[in-house]
Student: 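Quick one: the structure is below, questions incoming.
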2 protein chains.
Amino acid sequence: MSQPSGRHPVVPPTLATVAERAGVSRQTVSNALNSPGLLRPDTLERVLAVVAELGYTPNRAARQLRTRASRLVGLRFEAAQEGASSALLDRFVHSLVETSERIGHHVLLFSGDEDDPLDGYDELLRSTAVDAFVVTDTYAGTPQAAFLQSRGAPFVAFGRPWDDLGAGGASDWAWVDVDGGHGARLATEHLIEQGHTRVAWLGWERSSRIGEDRRSGWETAMAAAGHPVAGLGVRTTDNVDAARMAVHRLLEERPVTGFVCVSDTLGIGVLHALQERGLTPGKEVGVVGFDDSLGAQMVWPGLSSVRQPLEQVAVELVTLLHLVLGDKPVDDRGTMLQPTLVVRRSSRRDWA
Amino acid sequence: MSQPSGRHPVVPPTLATVAERAGVSRQTVSNALNSPGLLRPDTLERVLAVVAELGYTPNRAARQLRTRASRLVGLRFEAAQEGASSALLDRFVHSLVETSERIGHHVLLFSGDEDDPLDGYDELLRSTAVDAFVVTDTYAGTPQAAFLQSRGAPFVAFGRPWDDLGAGGASDWAWVDVDGGHGARLATEHLIEQGHTRVAWLGWERSSRIGEDRRSGWETAMAAAGHPVAGLGVRTTDNVDAARMAVHRLLEERPVTGFVCVSDTLGIGVLHALQERGLTPGKEVGVVGFDDSLGAQMVWPGLSSVRQPLEQVAVELVTLLHLVLGDKPVDDRGTMLQPTLVVRRSSRRDWA
DNA sequence: GATGCCCGTGTGAACGATCAAATCCTAGCG
DNA sequence: CGCTAGGATTTGATCGTTCACACGGGCATC
């Protein structure tokens, strides 16, 4: 019979423990870990030996209290709307966690009321629970950025400051973003290369900054190839059925043979519509989605898609974070990354 | 022209600030927040008014140092293997974050070397960075559980202790799990109800505890209905193409009209195979997947799937966590939740 | 040989909260 | 009117670390 609760939360050693054992003072041990250069080599070695022997790790709370730095980064973790691309966030978050650890930080998740984009930030700030934030939903008009700036709280953003980009306004914060326009352009050029001339755009409502940015890439590519776009730009809500029906309507009117979509969800809607009309994706009508989600990989016959370098986004964000927290001058406040095109059978004439 | 860095990290008020302003001592303010019952009503009101006015929130570091409790819960965030169900974790994590906040805890993410399931835990423990852990990958044989127990670290697990369940061993920790066998049974019974008698099982290698548990549900349901299962249980790796080919092989040999799959990935593989053979899912051959992933919702014509109550799992875990941290006796150390069946067209004779 | 400097190390205080115990206040009672 | 019980409030110490500065010895300078 085992003890129901043999809980002896093993007491970790403290600085004093190590100091006594190594025959030096607390401060010397502290220096050995934080500024090794200050110690004489032999002292350093002796101290580090004891540290290793006892498995000493500084108490985070004590350090945080004294230095006023928690070495924690706050990230508001939104609930993925049912049906939206969430695997996207997954890749991003994992990379963020891993990269942050490399500069000695951990990621703290928090949630907030969906209707109030500022909820949660304030409390963490006041309790000095985090050193900085990673803001991911700047597309919505970004009240967070303004709020954090007014509070003097360091942060980095995944998403460019749409509002006053280049306006010289107050929006000069550190950000990283992916060039969606370029992605859509790659997709469009790819379809044109495959011999399509009437390539349609399937996007979101006009109010979406991100959506319009991507759309502009389609327009640019079409214009460059000399193909007209009149009547080929369609807007709908982000779900499979809405896309499916929009495609049916469009195909009744015009002989479209290519679709560039603002999301994989819409791309999959296109595939469904084609299937219902007896058209073979790729061979007869080319389709490209956006985000390279799980669905794109698994759907039949494989949906070509624009893939965002989310891992790289996280890496760049952490790099910026490091600078911001180090109070170093950040000259390059914005970093734009380029997406790539993943070609699958939905956009290939030959299915080889 | 704006100041490049107007960073005045606004200094939050401390206990002393509030105390002075309210004309009481620090301790009284502390009591007002932690044990309001000790104060006289009028004093309490006065103190709380000042707290609200100044927007005071206790400094987490100081509190953590003194009470030896960080109010943080560690969660190792694994990278989703490309192609695996990750949206699954998304729902779970969000619910965990939200529920934890309700008992005053935040979720701290950390990563670790993929090959070493213990990596990361030790450091957080020694630095007293977290109060407890939520362990999610107990299926692998769970060295984490044994390790955490030996360190006297509180934790709760998503996943039952397979190894010595009921063996009276050391594995009596708090856990929550989903009854996969029951889920597979629901799926099988549903197909039988639809008139199928030769229902196959498409699963993972025998080494997977979870996979075998689910399979047992299929066997039970088939036996209960009096249908033989000989030759109908197929094992493969978890990817679309492997499943597709396995299905082709099986259909060459036997007239199967139903498939219960251990994952949506395999379920989608079945749909692909049917499509290639000109068979209509649902109408001719019934298919049910597992996990109700995004792919299941988006794939044509909609894949029926067993849905795990992940939000509820998180809620139950937090409840257990609360008990474990409160040092209260936890009588019900294990909680088993039941999944539900989401029926879509892939398993319905009538597509209405 | 005294002065000044630098380098490595040690000492006391401080960060902001809570714990334990002392002190104050008020009411009740003989 | 004094004494006490008991609740309300304050005081001093403490958690483990880092900061600011003091200290002492060795070396170069004059």
Side-chain angles (χ1 to χ4, degrees), chain A residues 9-48 50-51 54-72 104 123-129 131, chain B residues 9-48 50-51 54-72 104 123-129 131:
Chain A
V10 180
V11 181
T14 80
L15 257 194
T17 320
V18 178
E20 192 183 9
R21 185 126 177 178
V24 294
S25 71
R26 296 168 332 216
Q27 184 62 42
T28 301
V29 178
S30 176
N31 286 336
L33 297 172
N34 299 318
S35 330
L38 294 179
L39 300 209
R40 230 172 28 211
D42 59 327
T43 316
L44 178 61
E45 190 184 1
R46 184 157 42 100
V47 173
L48 290 183
V50 177
V51 166
L54 298 181
Y56 168 76
T57 308
N59 180 303
R60 289 184 89 95
R63 169 178 278 182
Q64 177 177 352
L65 178 58
R66 184 70 245 231
T67 63
R68 306 173 154 284
S70 62
R71 317 224 91 187
L72 251 43
E123 198 215 319
L124 289 176
L125 224 41
R126 287 198 318 243
S127 61
T128 60
D131 294 343
Chain B
V10 180
V11 181
T14 78
L15 257 194
T17 319
V18 177
E20 192 182 9
R21 184 124 176 179
V24 296
S25 72
R26 298 169 331 221
Q27 184 61 41
T28 300
V29 179
S30 176
N31 286 337
L33 297 171
N34 299 319
S35 330
L38 294 179
L39 299 210
R40 226 171 32 208
D42 59 327
T43 315
L44 178 61
E45 191 183 0
R46 184 158 42 101
V47 173
L48 290 183
V50 177
V51 165
L54 298 181
Y56 168 75
T57 308
N59 181 302
R60 289 184 90 93
R63 169 178 278 182
Q64 177 177 354
L65 178 58
R66 185 69 245 235
T67 64
R68 301 170 162 285
S70 62
R71 317 225 92 188
L72 253 41
E123 199 215 318
L124 288 176
L125 224 42
R126 287 198 319 244
S127 61
T128 60
D131 293 343

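Every chain is numbered from 1 and lettered A, B, ... according to where its sequence line falls, protein lines coming before strand lines.
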Student: Tell me, please, which residues at least two apart from A:Arg126 pass salt bridge (Lys or Arg N to Asp or Glu O under 4.0 Å).
Tutor: A:Asp122
Student: Which residues pass the side chain to side chain donor-acceptor pair (under 3.5 Å) test with A:Arg71, sequence neighbours left out?
Tutor: none
Student: Measure the shortest side-chain to side-chain distance between B:Leu72 and A:Leu72 over non-hydrogen atoms and say whether it is less than 4.5 angstrom.
Tutor: yes
Student: Can you check the A:Arg71 CZ to D:dT18 P distance for me, whole Å?
Tutor: 10 Å
Student: Under the rule for side-chain contact (heavy atoms from CB on, under 4.5 Å), what residues qualify as partners of A:Thr128, not counting sequence neighbours?
Tutor: B:Pro12, B:Asn59
Student: Just by protein heavy atoms under 4.0 Å, how would nucleotides 7-12 of chain D read 5' to 3' in B, S and -?
Tutor: -SSBBB
Student: Listed by chain and number, what are the side-chain contact (heavy atoms from CB on, under 4.5 Å) partners of A:Gln27, not counting sequence neighbours?
Tutor: A:Ser25, A:Ser30, A:Asn31
Student: Under the rule for side-chain contact (heavy atoms from CB on, under 4.5 Å), what residues qualify as partners of B:Arg40, not counting sequence neighbours?
Tutor: B:Asp42, B:Thr43
Student: Would you grab the first and last nucleotide of DNA chain C (5' to 3') that comes under 4.0 Å of any non-hydrogen atom in chain B?
Tutor: C:dG16 to C:dA20
Student: Not counting sequence neighbours, which residues clear side chain to side chain donor-acceptor pair (under 3.5 Å) with B:Arg68? List them please.
Tutor: none
Student: Can you measure A:Gln64 atom CD to D:dT18 atom P for me and round it to whole angstrom units?
Tutor: 13 Å
Student: The criterion is salt bridge (Lys or Arg N to Asp or Glu O under 4.0 Å); which residues satisfy it with B:Arg63, sequence neighbours excluded?
Tutor: none
Student: Holding to salt bridge (Lys or Arg N to Asp or Glu O under 4.0 Å), I want the full list of residues that pass it with A:Arg26, two or more places apart in sequence or in another chain.
Tutor: none
Student: Mind listing the residues from residues 56-63 of chain A sitting with a heavy atom below 4.0 Å of DNA chain C? Number order is fine.
Tutor: none
Student: Could you list the residues that satisfy side chain to side chain donor-acceptor pair (under 3.5 Å) with B:Thr17, not counting sequence neighbours?
Tutor: B:Thr14
